[in-house]
There are 2 protein chains.
Amino acid sequence: MIRVLLADDQHLVRQAMAALLSFEPDIEVVAEVERGDLVVAAVAEHRPDVVLLDIEMPGRDGLSVAADLDVKVIILTTFGRPGYLRRAMDAGVSGFVVKDARAEELAAAIRDVCAGGRVVDRRLAAASRTTGACPLTARERAALRAAAGGGTIADVAARLFLSPGTVRNYLSAAIRKTGARNRAEAARIAETNGWL
Amino acid sequence: MIRVLLADDQHLVRQAMAALLSFEPDIEVVAEVERGDLVVAAVAEHRPDVVLLDIEMPGRDGLSVAADLDVKVIILTTFGRPGYLRRAMDAGVSGFVVKDARAEELAAAIRDVCAGGRVVDRRLAAASRTTGACPLTARERAALRAAAGGGTIADVAARLFLSPGTVRNYLSAAIRKTGARNRAEAARIAETNGWL
DNA sequence: GGGCGAACCTGACGAATGTCACACGCGGGG
DNA sequence: CCCCGCGTGTGACATTCGTCAGGTTCGCCC
């Protein structure tokens, strides 16, 4: 029996996914978690064989959680952003499945991963090869993320404890590197690539 | 037996939701659709009692689909945006459930709606009362939506066949009405309220 | 018909933004 | 050791953006 822990912030999706997996005779959902910051404790308590992790959760980011777990992890997310896949691989996850997959694919991925394999969504793997790594430095990312919400330069500078001129330089660099024509577009491009 | 049609763009979520509803003895999922523009034909073919509609789908928006259906509709969406609820009500839907609800709530909503009732998520109804209606005119909305992607004023003007000055005026009005300090923030505010 | 608001447009002005050149300190790799 | 890239900062400049005041044309309602 493969013991699975489910982490997803939407209750209905979590229950539904559990219902779906209950049809698999060799898979058992032993726990459900709705916040990223509760996953580590739940894993310690329930000792699952595989953790299904959503990325966007309250409390803590699924990708950073994955880096702290030493059980096998499958990222199960809505958004097939190339950057997500890359970061997930860096975090040492064993599988990456998008929520548009078939139920059989998910079950197969769980079995494969449990047996020591690695499973990655095909289309995403292809997209990841073409998109390449994030060209932004850590500070540029931070500045772009802070600016994405719609704040002004002064806001970003205040939040990052930087001089406004520096923020402008970072954003300018981000705009150039993403090939965008202004902050908003740069933020959108970085967002869809999973660079933020 | 209550006949249900499921419309959601994510295959796994759709299958999982069907699995969840299969545990309810009086509910039967008779069809699944993955695109908004296929819902009307599927309803004509399968004659469900209730349609579960996601909002954000490829092909066609769930809210506009709802307006064309004369069966009972429950909107089932991730995003509890007040504006979505308002537009859903205008479209004549019978229920509005967020994906963070419990499975029992969803089943209860299906039964209530099938019996002629109306079901609306409590927290969302409260939020909807405080937020109020969308203050933007149709053109302002269009301009803001076109600008949200990150394009420049000239881009928006070209896409809407308007003069750049007019676009600036619309965006300025949108910024004023949303209480934002620039386009990006206005777009974000309108987005979270479901006004776009 | 008169008033009103929305859709369109123009022109002008100040403020914010994007770009560039340049400067300094720091750490890592050749 | 010395260079290079990164983080940090400054100042100047052109462009874009946000605002305002004004104008014309509709259609709708009283």
Side-chain angles (χ1 to χ4, degrees), chain A residues 64 83 86-87 90 132-196, chain B residues 64 83 86-87 90 132-196:
Chain A
S64 88
R86 184 173 301 265
R87 279 196 276 160
D90 291 346
C134 172
L136 306 175
T137 70
R139 304 299 279 181
E140 286 161 3
R141 272 180 53 201
L144 191 54
R145 193 165 18 191
T152 167
I153 293 245
D155 294 341
V156 178
R159 189 163 347 154
L160 299 183
F161 304 104
L162 290 177
S163 124
T166 306
V167 172
R168 271 188 308 179
N169 282 343
Y170 285 156
L171 292 180
S172 184
I175 290 166
R176 182 170 38 78
K177 288 179 179 176
T178 54
R181 297 201 302 296
N182 52 44
R183 283 187 290 170
E185 198 179 3
R188 190 179 53 76
I189 292 173
E191 177 82 39
T192 61
N193 283 329
W195 290 342
L196 294 188
Chain B
S64 89
R86 184 173 303 264
R87 279 196 276 161
D90 292 346
C134 171
L136 305 175
T137 71
R139 305 298 281 186
E140 286 160 2
R141 271 181 54 200
L144 191 54
R145 195 166 17 195
T152 166
I153 293 245
D155 294 342
V156 178
R159 187 160 354 148
L160 299 183
F161 304 104
L162 290 177
S163 121
T166 306
V167 172
R168 275 203 310 243
N169 281 342
Y170 285 154
L171 292 180
S172 184
I175 290 167
R176 182 170 37 78
K177 288 179 179 175
T178 54
R181 296 202 303 296
N182 53 44
R183 283 187 291 168
E185 199 178 1
R188 190 179 51 78
I189 292 173
E191 177 82 40
T192 61
N193 283 328
W195 290 340
L196 294 187

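Below, each value reflects all heavy atoms present in this structure, side chains not excepted, and no hydrogens, waters or symmetry copies. Chain identifiers are assigned alphabetically (A, B, ...) following the order of the sequence lines, protein sequences preceding nucleic acid strands; residue numbering begins at 1 within each chain.
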Test item: T137(A) and K177(A) side chains (from C-beta on) under 4.5 Å apart, heavy atoms:
yes
Over how many whole Å does the gap from L160(B) atom CG to dA7(C) atom C1' extend?
13 Å
If you take all heavy atoms of [X] and [Y], which pair is closest and at what distance?
X	Y	result
A148(A)	A187(A)	CB-CB, 4.0 Å
V156(A)	A143(A)	CG1-O, 4.0 Å
E140(B)	L136(B)	OE1-CA, 3.5 Å

Who pairs with R141(B) by salt bridge (Lys or Arg N to Asp or Glu O under 4.0 Å), at least two apart in sequence or on another chain?
none
Please tabulate, one pair per line, all N/O donor-acceptor pairs under 3.5 Å involving side-chain atoms of residues 157-171 of chain B, not counting sequence neighbours.
unit_1: S163(B); atom_1: OG; unit_2: G165(B); atom_2: N; d: 3.1
unit_1: S163(B); atom_1: OG; unit_2: T166(B); atom_2: N; d: 3.4

Specify the residues of residues 161-170 of chain A, ordered by number, for which at least one heavy atom lies under 4.0 angstrom from an atom of DNA chain D.
L162(A), S163(A), G165(A), T166(A), R168(A), N169(A), Y170(A)
Give me the residues of residues 144-156 of chain B where at least one heavy atom lies under 4.0 Å from an atom of DNA chain D, by number, or none.
T152(B), I153(B)
Considering residues at least two apart in sequence or located in another chain, which fulfil the side chain to side chain contact (heavy atoms under 4.5 Å, CB included) criterion with A186(B)?
L144(B), I175(B), T178(B), A180(B)
What is the first contacted nucleotide of DNA chain D and what is the last, in 5' to 3' order, if contact means an atom lying under 4.0 angstrom from a heavy atom of chain A?
dG7(D) to dA12(D)
Take the C1' atoms of the five end pairs on each side of the helix from dG1(C)-dC30(D) to dG30(C)-dC1(D), derive the two axes, and give their angle rounded to 10 degrees.
30°
Enumerate donor-acceptor pairs with a distance under 3.5 Å from any side-chain N or O in residues 189-196 of chain B to protein atoms, sequence neighbours excluded.
unit_1: T192(B); atom_1: OG1; unit_2: R188(B); atom_2: O; d: 3.4
unit_1: T192(B); atom_1: OG1; unit_2: I189(B); atom_2: O; d: 3.0
unit_1: N193(B); atom_1: ND2; unit_2: I189(B); atom_2: O; d: 3.4

Any residue in residues 181-196 of chain B with a heavy atom nearer than 4.0 angstrom to DNA chain C? Just list them by number, or reply none.
none
Any salt bridge (charged side-chain N to carboxylate O under 4.0 Å, His left out) pairs touching residues 147-156 of chain B, not counting sequence neighbours?
R181(A)-D155(B)
For a quick check of understanding: with a heavy-atom distance under 4.0 Å over all strands, which category does T137(A) fall into, base, sugar-phosphate or nothing?
sugar-phosphate
